Amino acid sequence: MSKKDEESPRVSASPNPPPLPVAFISSRQESTFAARKSAVRKYCCTPTTTKNTWDCLFDEGYRADVSINTDSGGVLYAHASILGVNSAVFKSMLSLKQSRAQGRCGQRSISINGVPPEAVQVFIRFLYSSRYEEEKMKEHGLSLLVLSHAYAVTHLKRECEWQLEQRLTTENVVDIFQLALLCDASRLSLVCHRFMLKNLKPISATEGWKAMKQSHPVLEKQMLKSTIDEDIREKERVRKNNERKMYMQLYEAMEALVHICKDGCRTIGPHDKVLKEDQEPCHYAACKGLESLIRHFAGCKLRVPGGCIHCKRMWQVLELHSRLCANSDVCKVPLCRSFKQKRRKQNKKDEMKWSILVRKIVRSKSISGAPFFSSEST
């Protein structure tokens, strides 16, 4: 080999590096793989033919290795793998029975009693194909709720709760309510409870209520107590709504008073302005009542705080305005500045009452979404 050949670098095709072990896959790749996997699960749908195949497998009992005994001597055949995958309770039961069944050709047996055999059949079929017939659900909804709760089949339990919610009546609500409490169906029990509170009088005359009164007297007392509490809450709610409406009306009256004294409305207006004949209609609902009150106040001979009930109301309106007014120096409402000066001489008790009233008026209007009071003094 020549010296020139020794100095020139050798060029050879290097093999591709082997893939990294699983332990060295980056977290970014792992998240990508997980996202792809979840996307496949999310958009995967089971065709009807597949569900029909699962139904057929249950109906024919092909290679079934579990027999299910029901009331009246009925027997259903199922597959331990399907039962165990859909219910942790079945999985635990079948694993305990596996050793006992070795001497009987691997056949294991369980019993489901206390519910109609047809309800058990609908329940087991649902574990295969997640399907049920509407009429069967109407007929055995309560039994299916019990079975789904007892064997921890959550997707069937949610479906039973929703179906029973749609079929509540005065005749069956008491039974469904008691069963919902036993099966820890919180949403269903809440819906039943609200339904019973709204229709307590007809429900209390049903056979279900009478049976509950005998078997669960404590539950009946709790229902009656909750009814009383609901009545109290409803009355308090009505009282607060009426109170809020009153404060909102006072707020609107204060705005209308500023509007009358500044711009004029219909036949009443400030002395330095003449009302236009083509003036637009007033949008203040309280203007009409305030106009009549102002006319009376202007012509009443007993215009003192304690002399006339109408004048007394006018004095209160003027004082309330002064406490809400932002700038009394330029305000055109009569006696606004005088009332502000008078406040310094009031006792603390009266001052506190007025402060509470003003705070509630402003708060009620802010809750309704309207802006805070403005003196409109410009």
Side-chain angles (χ1 to χ4, degrees), residues 68-76 83 86-90 92-93 109-127 132-235:
I68 303 173
N69 301 316
T70 63
D71 290 345
S72 304
V75 179
L76 299 173
L83 299 182
N86 285 280
S87 170
V89 178
F90 273 131
S92 177
M93 292 173 59
S109 175
I110 57 178
S111 298
I112 301 179
N113 305 112
V115 293
E118 191 176 14
V120 179
Q121 183 182 12
V122 176
F123 172 64
I124 300 300
R125 180 186 294 276
F126 186 88
L127 298 183
Y132 60 85
E133 296 177 5
E134 194 71 21
E135 294 299 325
K136 300 298 182 183
M137 176 61 75
K138 291 181 181 179
E139 184 178 357
H140 303 292
L142 294 176
S143 299
L144 291 174
L145 177 61
V146 173
L147 290 171
S148 61
H149 173 71
Y151 293 96
V153 185
T154 55
H155 52 299
L156 176 59
K157 184 177 179 180
R158 288 195 297 268
E159 184 65 21
C160 290
E161 289 185 54
W162 186 84
Q163 291 288 345
L164 290 173
E165 285 178 19
Q166 312 307 312
R167 301 187 177 94
L168 288 180
T169 63
T170 55
E171 296 295 331
N172 64 13
V173 66
V174 176
D175 296 333
I176 295 177
F177 176 62
Q178 295 180 87
L179 191 61
L181 293 176
L182 292 175
C183 295
D184 195 23
S186 56
R187 173 181 167 79
L188 181 59
S189 61
L190 178 60
V191 172
C192 291
H193 186 266
R194 290 177 176 175
F195 186 89
M196 293 168 70
L197 289 180
K198 292 180 180 179
N199 306 276
L200 185 62
K201 188 174 181 179
I203 291 174
S204 59
T206 60
E207 295 297 327
W209 182 275
K210 295 175 183 177
M212 182 184 71
K213 184 177 181 179
Q214 293 179 355
S215 58
H216 300 90
V218 177
L219 186 58
E220 187 215 11
K221 290 181 181 179
Q222 290 177 351
M223 279 300 306
L224 294 176
K225 183 179 181 302
S226 62
T227 304
I228 296 173
D229 294 341
E230 181 64 22
D231 290 340
I232 295 174
R233 286 193 294 268
E234 182 63 26
K235 290 179 181 179

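Model, not experiment: these values are computed from the prediction.
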Okay, side chain of [X], backbone of [Y]: is any donor-acceptor separation there less than 3.5 Å?
| X | Y | value |
| --- | --- | --- |
| Lys157 | Cys183 | yes |
| Asp71 | Pro116 | no |
| Ser92 | Val89 | no |
| Asn172 | Leu164 | no |

Open item on the list: What verdict does the side chain to side chain contact (heavy atoms under 4.5 Å, CB included) test give for Glu139 and Glu118, after you've listed the backbone C-alpha separation in whole Å, the side-chain angles of each residue and the deciding distance to 0.1 Å?
Closed with: CA-CA 10 Å; Glu139 184 178 357; Glu118 191 176 14; 4.0 Å; yes
Task: Worked check of side chain to side chain contact (heavy atoms under 4.5 Å, CB included) between Glu133 and Met137 - done: CA-CA 6 Å; Glu133 296 177 5; Met137 176 61 75; over 6 Å; no
Open item on the list: Below 30° counts as parallel, above 60° as perpendicular, anything between as tilted: where do the rings of Tyr151 and Phe123 land?
Closed with: tilted
Inter-residue atom distance [X].[atom1] - [Y].[atom2], 0.5 Å rounding:
| X | Y | atom1 | atom2 | value |
| --- | --- | --- | --- | --- |
| Leu145 | Arg158 | CG | CZ | 13.0 Å |
| Glu165 | Arg187 | CD | CZ | 4.0 Å |
| Leu181 | Leu188 | CG | CG | 9.0 Å |
| Leu76 | Ile124 | CG | CD1 | 7.0 Å |
| Leu179 | Leu142 | CG | CG | 5.5 Å |
| Leu197 | Ile203 | CG | CD1 | 8.5 Å |

Taking all atoms of both residues into account, what is the closest heavy-atom pair of [X] and [Y], and its distance?
| X | Y | answer |
| --- | --- | --- |
| Asn113 | Ser111 | OD1-CB, 3.6 Å |
| Asn86 | Leu127 | ND2-O, 3.1 Å |
| Cys160 | Leu144 | SG-CB, 3.6 Å |
| Phe195 | Val173 | CD2-CG2, 3.7 Å |
| Ile112 | Leu147 | CG2-CD2, 3.7 Å |

Open item on the list: Could you tell me if Ser109 and Asn69 have a donor-acceptor pair between their side chains, going purely by distance under 3.5 Å?
Closed with: yes
Task: side chain to side chain contact (heavy atoms under 4.5 Å, CB included) evaluation trace for Gln163 with Lys138 - done: CA-CA 8 Å; Gln163 291 288 345; Lys138 291 181 181 179; over 6 Å; no
Task: Pair listing, side-chain hydrogen bond (donor to acceptor under 3.5 Å, both in side chains) test, anchored in residues 190-201, at least two apart - done: His193-Ser226
Task: Glu230 and Arg233 ion-paired at < 4.0 Å - done: yes
Open item on the list: The test is salt bridge (charged side-chain N to carboxylate O under 4.0 Å, His left out); show your working for Arg167 and Glu161 and say whether it passes.
Closed with: CA-CA 10 Å; Arg167 301 187 177 94; Glu161 289 185 54; over 6 Å; no
Run the side-chain donor-acceptor check on residues 209-225: report pairs under 3.5 Å with partners two or more places apart or on a different chain.
unit_1, atom_1, unit_2, atom_2, d
Ser215, OG, Ala211, O, 2.8
His216, ND1, Gln178, OE1, 3.1
Lys225, NZ, Asp229, OD2, 3.2

